[in-house]
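Below: one structure, written as structure tokens.
Atoms considered below: every heavy atom in the structure, side chains included; atoms not considered: hydrogens, waters and symmetry mates.
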Amino acid sequence: MSSELDDLAAAVRSVIDRRWSPAALRAAIDSAEGYDRGLWSVLCEQVGVAALAVPEAHDGVGAGVRALQTVAEELGRHLVPSPFLGSAVLATALLADTDEAELLTGLASGERIAAVAFAGDDFAARPITATDGRLTGTARFVLDGDCADDLLVVAGDELYLVDGSATTRRHTPSMDPTRRFAEVALDGPPARLLRDGARAALVRALDVACAVLAAEQAGAAAQALAITVEYAGSRVQFGRPIGSFQALKHRMADMFVLVESARSAALAAGEALDRGDEDAALAVATAKAYCSEAFSAVAAEMIQLHGGIGITWEHDAHLYFKRAHSSSQLFGDPAHHLARRELAHS
């Protein structure tokens with residue numbers, strides 16, 4: 001990592017260390033918005049996480065995907081719920097090459113939250129259509145869709161801006177309480193056309209989001225391993241720490257290999273996107289598939305190696321397990337991305 005990315009990671013880590021705890025995580029989960037607005041404000045004001053992908057012309061940093069991954073990795077370590085992935089990454093990437101100055105400036109400050117609604121095999125209950133600038137349809141599993149100020153809607157090959165309050169939105173609880181989803185129903189709200197060629201732009205934005213999500217998964221897997229190693233060194237059975245038993249050493253060594261390989265795959269995808277490589281989409285598909293499976297495996301081992309305490313509500317192990325499985329499905333499951341690889345090679 002460059003010194004700039006090291007500094008960015010340290011800044012995010014410093015804020016989280018000061019303001020975050022298991023109790024804060026549970027309070028955020030139980031809050032109406034599903035995240036700690038105070039923590040989000042500090043991350044935006046002091047670190048500028050919401051401005052990273054926004055062009056400098058619109059009060060942003062104009063940073064690349066690797067910078068976004070650096071933030072995601074630190075947030076992932078502690079399962080911090082925030083609008084970062086949905087608003088600062090996906091929505092901003094969808095708008096970054098437009099001239100929407102006011103909208104991008106609002107996103108850069110973090111004062112406004114944007115969500116992206118689009119139709120796909122897994123995302124639309126009713127197809128989203130546009131007739132004379134009026135949108136109809138229903139999108140499911142919209143990241144932060146129920147608390148977003150602005151809704152970016154892909155209808156056909158066009159991208160529209162809709163006031164979030166002009167839609168019917170319903171929070172849809174999922175297995176993972178640390179990730180916020182909503183169902184958004186569009187019944188003809190006023191909409192402003194932002195751009196044509198929305199499908200191609202969405203594909204590019206989803207590649208960025210997948211690469212950032214892969215880094216988040218790698219960070220969460222690394223923390224799950226760290227928690228497990230710490231526990232294995234302190235839990236005593238038969239007069240010795242359980243971490244001294246060879247069978248458990250081998251299992252934790254396997255977890256370490258998964259974590260390091262996942263991080264390498266994620267960062268390779270980010271670098272490929274930043275360089276504009278022709279096969280960047282292939283690197284993204286590889287990272288999303290591998291990091292999803294690696295995090296799921298590490299989270300499962302975390303629960304197994306903790307024994308009885310690992311299945312209690314009070315311990316964080318179940319939250320890592322749930323985040324692993326929800327993030328493996330988000331933006332396409334491993335099978336979907338493996339199919340993308342096969343298509344790229346054919």
Side-chain angles (χ1 to χ4, degrees), residues 22 25-26 28-31 33-36 69 71-91 115-118 120-125 139-148 169-184 206 208-225 227 258-259 262 265-266 284-285 287-303 310-311 313 315-338:
L25 172 58
R26 283 160 172 76
I29 289 172
D30 293 335
S31 69
E33 295 176 317
Y35 70 97
D36 186 330
Q69 288 183 315
V71 174
E73 192 173 357
E74 296 303 323
L75 296 178
R77 291 182 192 277
H78 302 282
L79 306 181
V80 178
S82 78
F84 180 73
L85 183 61
S87 183
V89 177
L90 180 58
V116 180
F118 57 96
D121 292 341
D122 300 322
F123 292 87
R140 297 182 296 185
F141 309 115
V142 179
L143 270 177
D144 307 312
D146 59 328
C147 54
R169 304 183 287 184
R170 180 175 63 88
H171 170 54
T172 52
S174 68
M175 177 182 67
D176 176 13
T178 68
R179 189 84 76 189
R180 189 83 174 185
F181 295 104
E183 181 179 275
V184 178
L206 284 172
V208 172
C210 282
V212 174
L213 178 56
E216 178 196 282
Q217 291 170 312
Q223 185 68 13
L225 172 60
I227 293 170
L258 287 172
V259 168
V284 170
K288 180 58 169 68
Y290 187 86
C291 292
S292 293
E293 295 186 342
F295 184 19
S296 294
V298 169
E301 282 287 78
M302 179 189 194
I303 289 177
I311 61 172
W313 182 261
H315 199 278
D316 286 346
H318 72 97
L319 294 175
Y320 282 89
F321 185 79
K322 292 171 180 175
R323 171 67 76 87
H325 285 275
S326 74
S327 60
S328 74
Q329 303 300 307
L330 185 58
F331 306 140
D333 62 12
H336 167 77
H337 289 284
L338 289 174

Inset, instruction - Identify, with sequence neighbours excluded, every residue that meets side chain to side chain contact (heavy atoms under 4.5 Å, CB included) alongside His318. - result: Arg26, Trp313, Lys322
Inset, instruction - Would you confirm whether Lys288, through its side chain, and Ser328, through its main-chain N or O, come within 3.5 Å as a donor-acceptor pair? - result: yes
Inset, instruction - Look at the side chain of Glu293 and the backbone N and O of Pro334, then say whether any donor-acceptor pair between them is shorter than 3.5 Å. - result: no
All side-chain hydrogen bond (donor to acceptor under 3.5 Å, both in side chains) counterparts of [X], not counting sequence neighbours:
X      : value
Ser326 : Asp176
Glu301 : Arg251
Ser82  : none

Inset, instruction - Only counting residues at least two apart or in another chain, list the ones meeting salt bridge (charged side-chain N to carboxylate O under 4.0 Å, His left out) with Arg77. - result: Glu73, Glu74
Legend entry - Spatial distance of atom CD1 (Ile227) from atom CE (Met302) [nearest 0.5 Å]: 4.0 Å
Legend entry - Euclidean distance, His336 NE2 relative to Phe331 CZ, rounded to 0.5 Å: 11.5 Å
Legend entry - Close side-chain approach of Leu143 and Val116, heavy atoms under 4.5 Å: no
Legend entry - Partner residues of Phe321 under the ring pair (Phe, Tyr, Trp, His ring centres under 6.0 Å) criterion, sequence neighbours left out: His325
Legend entry - Closest non-hydrogen atom pair between Arg179 and Leu85, with its separation: NH1-CD2, 3.6 Å
